[in-house]
2 protein chains.
Amino acid sequence: MRISEGVEWAVHLCGVLGVVRDGYSLTAGRLAEFHDLPSDYLAKHLQALSRAGILTANRGVSGGYRLAKPARSITLLDITLAIEGSEPAFRCTEIRRQGPCAATPAACKHICAIAQAFMLAETQWRKALASVTVADIIRTAASESFDRARRQAFQDWLNNAVK
Amino acid sequence: MRISEGVEWAVHLCGVLGVVRDGYSLTAGRLAEFHDLPSDYLAKHLQALSRAGILTANRGVSGGYRLAKPARSITLLDITLAIEGSEPAFRCTEIRRQGPCAATPAACKHICAIAQAFMLAETQWRKALASVTVADIIRTAASESFDRARRQAFQDWLNNAVK
DNA sequence: ATTAACACGGATGATATCTATCCGCAATGC
DNA sequence: GCATTGCGGATAGATATCATCCGTGTTAAT
Ligand code: FES
Ligand code: FES
C-alpha cells in the first residue's frame, strides 16, 4: 500500500501556485523546473488536477496553470483524490460467498464487518487530510523552512518565471 | 493506492481460526479451501502472519495453523501490517531539496508540513484499525450473515477439517 | 496571416509491485 | 523409513506506476 509520489509533487506545486499573484500563472515546464521533476510526466498530473477543478489551465503563448480557487479552499484530500482516483484503498472482494460454507446472497444484504471496519478507517484518514489546506501548508513551510536567503531566492525565481 | 487483497484473505481466515477449539489447527490447504483461494499463494501470507506472531505454525503430519493469541488481542492493524509491511503509505521524497530554490539541509531539520499532515492522517487510519479485533469481526459476522443453515454447514466443515 | 508557445490527450515503453506457481528442504508424527 | 506439512527461494505472468514522445488544438504576440 503506497501513495503515488505524484501526490507529493502536486501538493508542493499547489503550494507554489498559492503564492503567485492573482492573474498570473506558471507553465508546466516552470513548475517541473522548480523541484527538478520530469516535466512530461508532471504534466499528466497537472492535467488531472485541472480536470478535478483544482487548477485552471490556459493554453497558448502566455498560458500556464493557476489555482482554480483560493489556497484555503483546497485540501490535501482534494489533491490526493485528484491524483490517485477516488476508489477506496480496501476493496471487499466478497470471498465470503466462495467455498463450502459460502454465505447466501440473502445474507450479504449489508456490507460485511471487515469491509465496514476498513471503510471507517479510511474515512478517518480522509477526514484528517480534508482538514489541512494548501494555505496551511504554505504558512507552515514559510515559517519553518524559509530563511531570509531562500525567501529572496524564491521571490527572484518567481518574478522571473511568472507570466 | 490500494490494499493488497491478501489482507482481506488474512482477516477472514483469522476469523475462521478464531473459532477453532484450543489445541486444534487447520492446514494451509484447508484454509484455502474454505474461501476457494489459491493455496500456494495463500501459504505465503500465512507465513507472514506466522512471522509476525499472529499465527502459530506447526509442521509435520498433524501440523497446521492456529492463532498465536486470543482473537480479542489481534487487531485488524496487526494483520494489515503483517501482510503489507509497516512502511507508511506516504513517503516524503524530500523534493524540497531539489531545484533552484532548494531548501538547505539546515532548514530540513524537522519533517516538512506535507509529510507531517499525511503521517497524521495515517495515524488516524491506524488507530481506527487498531480498535477492531478479530473477535469483533467474528461476533458481527456471526450475528449478521450466519443463519441457522450456514452455521450448521460451517460447524460440519470445521469438525471435519480440524486436526 | 504567420508564428511561437503552450496545454491536452493518445500511444508507447520501462520499471516496480502484486499475484501465482513450483520445488527442494526441514520438521513432525506414525 | 515414510507420508504430511510448513518454510523459503526462484521464477513467471499480470497489473500498476513512472516516464517519454508526438500530433492536435488553442492562444497571443508579431
Ligand atoms: S467479504 Fe471479504 S471483506 Fe467483505
Ligand atoms: S519534501 Fe515533499 S513531502 Fe516532504
Side-chain angles (χ1 to χ4, degrees), chain A residues 1-10 13 17 23-33 35-66 68 80 82-85 87 89-91 93 95 161-163, chain B residues 1-10 13 17 23-33 35-66 68 80 82-85 87 89-91 93 95 161-163:
Chain A
M1 187 187 52
R2 98 187 278 163
I3 294 174
S4 134
E5 62 182 331
V7 173
E8 182 188 353
W9 299 359
L13 296 178
L17 287 171
Y24 291 83
S25 46
L26 287 171
T27 68
R30 285 296 196 177
L31 287 168
E33 172 195 337
H35 283 307
D36 196 16
L37 302 172
S39 76
D40 283 328
Y41 184 36
L42 173 63
K44 285 275 184 273
H45 293 317
L46 295 173
Q47 288 166 30
L49 292 170
S50 171
R51 277 194 299 273
I54 294 169
L55 301 185
T56 298
N58 285 301
R59 302 209 215 192
V61 61
S62 98
Y65 292 96
R66 66 188 62 177
T80 304
I83 302 292
E84 294 262 313
E87 286 173 31
F90 182 90
R91 332 226 167 142
T93 60
I95 62 176
V162 90
K163 282 201 313 189
Chain B
M1 187 187 52
R2 102 186 272 163
I3 293 174
S4 134
E5 63 181 330
V7 172
E8 181 189 353
W9 299 359
L13 296 177
L17 287 171
Y24 291 83
S25 47
L26 287 170
T27 68
R30 286 296 196 177
L31 287 168
E33 172 195 338
H35 283 308
D36 196 17
L37 301 172
S39 76
D40 282 330
Y41 185 37
L42 173 63
K44 285 275 186 271
H45 293 318
L46 295 174
Q47 288 166 31
L49 293 170
S50 171
R51 277 192 299 270
I54 294 169
L55 301 185
T56 298
N58 285 300
R59 304 204 214 194
V61 61
S62 97
Y65 291 96
R66 66 189 61 179
T80 304
I83 302 292
E84 295 261 314
E87 286 173 32
F90 181 90
R91 330 220 169 147
T93 60
I95 63 175
V162 90
K163 282 199 311 190

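Chain identifiers are assigned alphabetically (A, B, ...) following the order of the sequence lines, protein sequences preceding nucleic acid strands; residue numbering begins at 1 within each chain.
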Closest heavy-atom pair and its distance - [X], [Y]:
X: S25(A); Y: R66(A); result: OG-NH2, 3.5 Å
X: A82(A); Y: A48(A); result: O-CB, 3.8 Å
X: V61(A); Y: K163(A); result: C-NZ, 4.4 Å
X: E84(B); Y: I3(B); result: OE2-C, 3.7 Å
X: G6(B); Y: I83(B); result: C-CG2, 4.1 Å
X: R91(B); Y: M1(A); result: NH2-O, 3.9 Å

Whole angstroms only, please: what is the [atom1]-[atom2] distance between [X] and [N]?
X: Q47(B); N: dA20(C); atom1: CD; atom2: P; value: 16 Å
X: L42(A); N: dC6(C); atom1: CG; atom2: P; value: 15 Å
X: Y41(A); N: dG10(C); atom1: OH; atom2: P; value: 17 Å

ask   = Residues two or more places apart in sequence or in another chain: which of them pass side chain to side chain donor-acceptor pair (under 3.5 Å) with R51(A)?
value =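 With neighbours one apart ignored, the set is empty.
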
key: Spatial distance of atom CG (N58(A)) from atom OG1 (T27(A)) [nearest 0.5 Å]   =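 Going from the CG atom of N58(A) to the OG1 atom of T27(A) covers 12.5 Å.
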
request  = First locate atom OH of Y65(B), then atom CG of L55(B), and finally report the distance between them rounded to the nearest 0.5 Å.
outcome  =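 The OH atom of Y65(B) sits 7.5 Å away from the CG atom of L55(B).
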
Under 4.0 Å between any heavy atoms, over every strand shown, what does [X] touch: base, sugar-phosphate, or nothing? Just pick one.
X: A28(B); result: sugar-phosphate
X: G64(B); result: sugar-phosphate
X: R51(B); result: sugar-phosphate

query = Sequence neighbours excluded, which residues qualify as ring pair (Phe, Tyr, Trp, His ring centres under 6.0 Å) partners of Y41(A)?
reply =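 Partners of Y41(A) by the ring pair (Phe, Tyr, Trp, His ring centres under 6.0 Å) criterion, ordered by chain and then number, come out as W9(A), H45(A).
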
remark   = A correct 5'-to-3' footprint of nucleotides 22-30 of chain C, with B, S and - meaning base, sugar-phosphate only and no protein heavy atom under 4.0 Å, is ----BBBS-

key: Exam field: side chain E8(B) to backbone T93(A), donor-acceptor pair closer than 3.5 Å   =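 Checked: pair present.
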
inquiry  = Applying side chain to side chain contact (heavy atoms under 4.5 Å, CB included) to L42(B) and L13(B), what does each step give before you reach the verdict?
reply    = CA-CA 10 Å; L42(B) 173 63; L13(B) 296 177; 3.6 Å; yes

request  = Give me the residues of residues 2-10 of chain A where at least one heavy atom lies under 4.0 Å from an atom of DNA chain C, by number, or none.
outcome  =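 Of all residues in residues 2-10 of chain A, the ones placing a heavy atom under 4.0 Å from DNA chain C are R2(A).
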
inquiry  = Working note: L31(B) + L17(B), criterion side chain to side chain contact (heavy atoms under 4.5 Å, CB included); need CA distance, chi angles, decisive distance, verdict.
reply    = CA-CA 9 Å; L31(B) 287 168; L17(B) 287 171; 4.2 Å; yes

request  = Take the C1' atoms of the five end pairs on each side of the helix from dA1(C)-dT30(D) to dC30(C)-dG1(D), get both axes, and report the angle to 10 degrees.
outcome  =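 Answer for the end axes of this duplex: 10°.
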
request  = Anything under 4.0 Å to a heavy atom of chain B counts; send over the first and last such nucleotide of DNA chain D, read 5' to 3'.
outcome  =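 It runs dT4(D) to dT17(D).
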
